[in-house]
Amino acid sequence: MTAFTVALVLVVAAAGLLRWRRPAWYWLTFGVTLATLRVLVRYTSVMDACGLTVPPPRWRLALARIANRDIPQSRPPRILRIRPTRTGLILRLGLRPGQDAFDVAASCDRLRHSFGLYGVTSREMRSGVVEVRMTGYDVLKRVQMPARTDTRPMRVPVALREDGSVHYRDYRAVPHGLTLGATESGKSVYQRNLVAGLAPMDVALVGIDCKQGVELFPLARRFSALADNPDTALALLEALVTHMEDVYQLIRAEQRITVNVPDAEIAADIWDLPADLRPVPVVVLVDEVAELALFATKDEEKRRDRIITALVRLAQLGRAAGIYLEICGQRFGSELGKGITMLRAQLTGRTAHRVNDESSANMAFGDISPDAVLAAIQIPTETPGIAVTGDASGGWTRIRAPHTSLREAVNICNKHADRTPDLPALAAFRPAVAAPTTDLAPLSKTAPAAA
């Protein structure tokens, strides 16, 4: 008996230590079993307390009266499947007649407290079926991306969602995106993860970094074109517009619209073209978009108008030509001048890290969801990397990208430098980089002594 008591104490101590220091390990060893039992035992009473039950049908009441039996109790949604994951539980529920998916979504916070889990979210899978995702611990506190992700062409895993699933940046589903974030909010790390995920793919990267190139130029070996000032950015954007028009001419020439060709083979964008004729897709990353919209003189105002016009044209027309925009900035508001709200309307994907003013959050999510605006302005300063992401459908969630240092991103870009395509229309903006050397540079803050 003494040995059993000592073993039990050791197990409880180990569980407490794991829960404190390694919550992911605790969940996989102890938490998932305890949480599953807790959900199954408390399920009926919790659903009844949350108002997620329906009265029994009339035929059952009639049978109970005829047989002189007790009145049947109210029925909760059916548990179709319960599946443990590396971060929580997935509960698939079959709704009873008269129930709605909104009722489950409105009760998520009460379910979280009742089942003793960290977070609960729900989504409707199809008519009458709702998936409830429960997380056993704070997955955003220490981001650990799964070893296997569903990577496809133009689909990059960039962050982890608060429900434990992977957040993907899918350019074919959401062509253009807007990423906002104040200084030290984690926006640069998110951008590095994006570049690092695109580097192994067959895609041309084009960068505009008006901070004299300090963010994107270290990654130059994987970029087909770079600009570090507004003047060069204007020429680069207008060259992209010309490239877009050339791609459309190619699509027109290869549409194959004849009476003998089935409709499914008619080309309407670059992805409908044969692989040997398909132009390489282009992802344009704009860092600090406000620098492109500011002006102090008449000449700068004319330049600014041409830049915004080119960006709007690329956002409106670039998708079918395989040109995708990723607009980043600390501030994005209507005070940046005419054309900004028109540009914002074309940016379907929205991601907001911590911002310093409510106007930027409204510019990102005001036309999507008021709840997302509130969540964005409540991100604390001590958690850099936390962001709110959403799209035009109105759905939103919190995410956090894994920390990727600039050195790690540079190494990935250098490793895949051979995948950098040469675009004739952008040849003048190809960054000039020296051949990589095998010599290790001294990691010293001081300049080397003169010979």
Side-chain angles (χ1 to χ4, degrees), residues 1 4-57 60-61 63-64 67 69-141 146 161-165 397:
M1 193 67 182
F4 175 76
T5 304
V6 171
L8 182 62
V9 170
L10 290 177
V11 170
V12 172
L17 182 62
L18 285 176
R19 188 171 187 177
W20 175 44
R21 300 294 295 178
R22 291 289 186 270
W25 295 2
Y26 167 78
W27 174 256
L28 294 175
T29 52
F30 301 98
V32 63
T33 303
L34 296 176
T36 303
L37 292 175
R38 193 160 55 241
V39 168
L40 294 176
V41 170
R42 298 180 183 178
Y43 179 75
T44 302
S45 60
V46 166
M47 290 295 170
D48 186 45
C50 293
L52 295 177
T53 57
V54 296
R60 293 191 63 185
L61 294 175
L63 287 178
R69 295 180 179 177
D70 293 336
I71 297 177
Q73 296 181 349
S74 299
R75 300 175 301 166
R78 300 185 306 274
I79 298 180
L80 303 180
R81 184 176 68 181
I82 181 169
R83 180 167 64 90
T85 66
R86 57 186 287 272
T87 58
L89 297 174
I90 297 179
L91 198 64
R92 187 162 292 188
L93 304 179
L95 300 181
R96 303 286 185 179
Q99 292 183 323
D100 187 77
F102 177 77
D103 299 331
V104 181
S107 302
C108 283
D109 200 49
R110 285 178 285 178
L111 295 176
R112 176 174 67 90
H113 289 290
S114 301
F115 291 138
L117 295 168
Y118 183 82
V120 175
T121 59
S122 70
R123 61 169 179 160
E124 184 178 6
M125 302 296 296
R126 60 180 184 273
S127 179
V129 178
V130 174
E131 184 179 84
V132 179
R133 299 184 70 98
M134 308 178 182
T135 50
Y137 58 96
D138 186 2
V139 297
L140 300 185
K141 184 177 181 180
R161 293 173 176 252
E162 62 180 343
D163 61 1
S165 61
T397 185

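FYI, the numbering just counts along the sequence from 1. Please read all numbers here as calculations on a predicted model, not as lab measurements.
Closest heavy-atom contact between Gly136 and Leu117: CA-CD2, 4.2 Å. Cys108 and Ser122 make their closest contact through SG-OG, 3.7 Å (heavy atoms, listed as atom of the first residue, atom of the second, distance). Shown here for Val130 and Ala101, the closest heavy-atom pair between the two residues is CG2-CB, 3.7 Å.
Taking CG of Leu52 as the reference point, atom CG of Leu111 lies at 6.0 Å (rounded to 0.5 Å). With rounding to the nearest 0.5 angstrom, the CD1 atom of Ile82 is 10.5 Å from the CD1 atom of Ile90. How far CG of Leu91 is from CE of Met134: 4.5 Å, rounded to the nearest 0.5 Å.
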Exercise for the section: Given side chain to side chain contact (heavy atoms under 4.5 Å, CB included), test Leu95 with Val104 step by step and report yes or no. Expected result: CA-CA 9 Å; Leu95 300 181; Val104 181; 4.0 Å; yes
Exercise for the section: List the steps and the verdict of side chain to side chain contact (heavy atoms under 4.5 Å, CB included) for Thr121 and Thr397. Expected result: CA-CA 10 Å; Thr121 59; Thr397 185; over 6 Å; no
Handout entry: Check against side chain to side chain contact (heavy atoms under 4.5 Å, CB included), Met125 and Leu80
Key = CA-CA 12 Å; Met125 302 296 296; Leu80 303 180; over 6 Å; no
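Counting only residues at least two apart or in different chains, side chain to side chain donor-acceptor pair (under 3.5 Å) contacts with residues 96-109 comprise Ser107-Arg110, Asp109-Arg112. Residues in residues 35-44 take part in no side chain to side chain donor-acceptor pair (under 3.5 Å) pair, two or more places apart or across chains. For residues 76-86, there are no salt bridge (charged side-chain N to carboxylate O under 4.0 Å, His left out) pairs, not counting sequence neighbours.
Under a 3.5 Å cut-off, the side chain of Trp27 and the backbone N or O of Thr135 do not form any donor-acceptor pair.
With sequence neighbours left out, Phe30 forms a side chain to side chain contact (heavy atoms under 4.5 Å, CB included) with Val11, Ala15, Leu18, Tyr26. Remark: Asp48 engages Thr53 in a side chain to side chain contact (heavy atoms under 4.5 Å, CB included) (not counting sequence neighbours). Not counting sequence neighbours, the partners of Glu131 by the salt bridge (charged side-chain N to carboxylate O under 4.0 Å, His left out) test are Arg92, Arg123, Arg133.
In this structure the side chain of Leu93 never reaches within 4.5 angstrom of the side chain of Val129, judged on heavy atoms.
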